[in-house]
J.: 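To start, I am sharing the structure in question, which I have written as structure tokens.
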Amino acid sequence: MTAFPEGAFALEVGTGGTGEVCVRVDGDLDVDSADDLIEAARACLDADRSPRLLRLDCEKLTLCDSTGLAALLMIHRIATAAGVRLRLDHRPEPLERLLELTGTLGHFTAADAGEAAAQVSVEHGAQGPAGATPPARPT
């Protein structure tokens with residue numbers, strides 16, 4: 001039987017005087033580590049002086065599974081609700097491909113994180129123009 005080494009996971013948070021916070025992600029973002037990343041992001045956003053931009057530096061990210069993607073989307077929702085832009089920097093090719101295939105790349109690369117969220121809401125009928133009738137849901 002072949003033993004596979006467990007993907008080590010580490011986070012490093014750096015702040016700057018420019019209203020930005022950067023969380024460096026190192027290792028596998030999966031079921032074992034997703035909650036750690038969400039909590040680190042929440043801590044950054046709940047700080048006394050909330051940043052204007054939350055950057056997740058993915059240069060050393062080695063894997064992102066479906067749970068990791070769900071964590072990134074949760075962080076996107078939390079940041080958007082707090083009025084903070086979210087950006088994924090230094091995305092490795094497998095992460096880029098995952099985001100493209102799932103149609104979520106715009107959440108992390110849009111000039112304004114709220115812009116991508118609004119677009120998805122409109123596409124899915126969750127929000128529309130004032131007075132618009134939401135689309136009928138299949139039964």
Side-chain angles (χ1 to χ4, degrees):
M1 174 152 68
T2 305
F4 294 98
E6 240 182 87
F9 184 77
L11 297 171
E12 180 183 331
V13 178
T15 58
T18 62
E20 292 185 9
V21 173
C22 180
V23 178
R24 288 176 184 81
V25 181
D26 187 349
D28 295 351
L29 181 55
D30 57 16
V31 69
D32 294 324
S33 58
D35 288 340
D36 294 337
L37 181 59
I38 292 170
E39 289 309 310
R42 278 187 206 268
C44 292
L45 296 170
D46 290 342
D48 290 337
R49 297 189 64 151
S50 183
R52 292 185 314 254
L53 174 65
L54 174 61
R55 294 175 37 230
L56 300 182
D57 184 342
C58 300
E59 185 173 22
K60 295 183 179 181
L61 181 71
T62 53
L63 174 127
C64 182
D65 67 6
S66 60
T67 305
L69 177 59
L72 293 174
L73 292 169
M74 175 61 74
I75 293 167
H76 176 266
R77 284 189 290 274
I78 295 166
T80 299
V84 176
R85 291 184 313 143
L86 173 65
R87 194 173 72 210
L88 299 184
D89 293 338
H90 306 114
R91 296 178 305 276
E93 183 57 35
L95 177 60
E96 187 83 9
R97 193 170 42 253
L98 174 65
L99 297 174
E100 287 174 357
L101 287 171
T102 58
T104 57
L105 182 62
H107 291 334
F108 308 106
T109 58
D112 180 351
E115 178 182 307
Q119 179 62 31
V120 169
S121 294
V122 170
E123 288 173 3
H124 293 288
Q127 180 179 357
T133 304
R137 295 192 176 187
T139 54

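We're numbering straight along the sequence, starting at 1.
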J.: Tell me which one of Leu72, Ile75, Thr109 satisfies side chain to side chain contact (heavy atoms under 4.5 Å, CB included) with Leu88.
T.: Leu72
J.: Could you tell me whether the side chain of Glu20 reaches within less than 4.5 Å of the side chain of Arg55, counting heavy atoms only?
T.: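 Yes; the side chains approach each other to less than 4.5 Å.
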J.: Between Arg87 and Asp89, does any side-chain N to carboxylate O distance fall below 4.0 Å?
T.: yes
J.: If every non-hydrogen atom of Leu53 is compared with every non-hydrogen atom of Leu86, which pair is closest and at what distance?
T.: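 Heavy atoms only, the tightest pair is CD1-N, 4.4 Å.
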J.: Will you find, in the side chains of Asp30 and Thr67, an N or O donor that is under 3.5 Å from an N or O acceptor?
T.: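 Note: Asp30 and Thr67 side chains miss the donor-acceptor criterion.
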J.: Could you note down all residue pairs passing side chain to side chain donor-acceptor pair (under 3.5 Å) where residues 95-106 supplies at least one of them, sequence neighbours left out?
T.: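 Sorted pair list: Arg91-Glu96, Thr102-Thr104.
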J.: Working to the nearest 0.5 angstrom, can you tell me the gap between Leu63 CG and Asp28 CG?
T.: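 If we round to the nearest 0.5 Å, Leu63:CG and Asp28:CG are 4.5 Å apart.
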J.: What distance separates Leu11 CG from Asp57 CG, expressed to the nearest 0.5 Å?
T.: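 The distance works out to 11.5 Å.
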J.: Specify the closest pair of heavy atoms between Gly27 and Phe9, including all atoms of both residues, with the distance to one decimal.
T.: C-CD1, 4.3 Å
J.: Give every residue pair that meets the side chain to side chain donor-acceptor pair (under 3.5 Å) criterion with at least one member in residues 35-52, sequence neighbours excluded.
T.: none
J.: Is any side-chain heavy atom of Asp26 closer than 4.5 Å to one of Leu61?
T.: no
J.: Which heavy atom in Cys64 sits nearest to a heavy atom in Leu98, and how many Å separate them?
T.: O-CD2, 3.5 Å
J.: Which pair of non-hydrogen atoms, one from Val23 and one from Cys44, has the smallest distance, and what is that distance?
T.: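 The answer is CG2-SG, 4.0 Å.
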J.: Checking the side chain of Thr15 only, and the main-chain atoms of Val21 only, is there a donor and an acceptor separated by less than 3.5 Å?
T.: no
J.: Is there a continuous path of hydrophobic side-chain contacts, each under 4.5 Å between heavy atoms, that joins Leu69 to Val31?
T.: no
J.: Got a second to check how far His76's NE2 is from Leu56's CG, nearest 0.5 Å?
T.: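 Rounded to the nearest 0.5 Å, the NE2-CG separation comes to 11.0 Å.
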J.: Is there a side-chain contact between Pro51 and Leu45 in this structure, where contact means two heavy atoms from C-beta onward sitting under 4.5 Å apart?
T.: yes
J.: Would you give the length of the straight line joining atom CG of Asp65 to atom OG of Ser33, rounded to the nearest 0.5 angstrom?
T.: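 Those atoms lie 7.5 Å apart.
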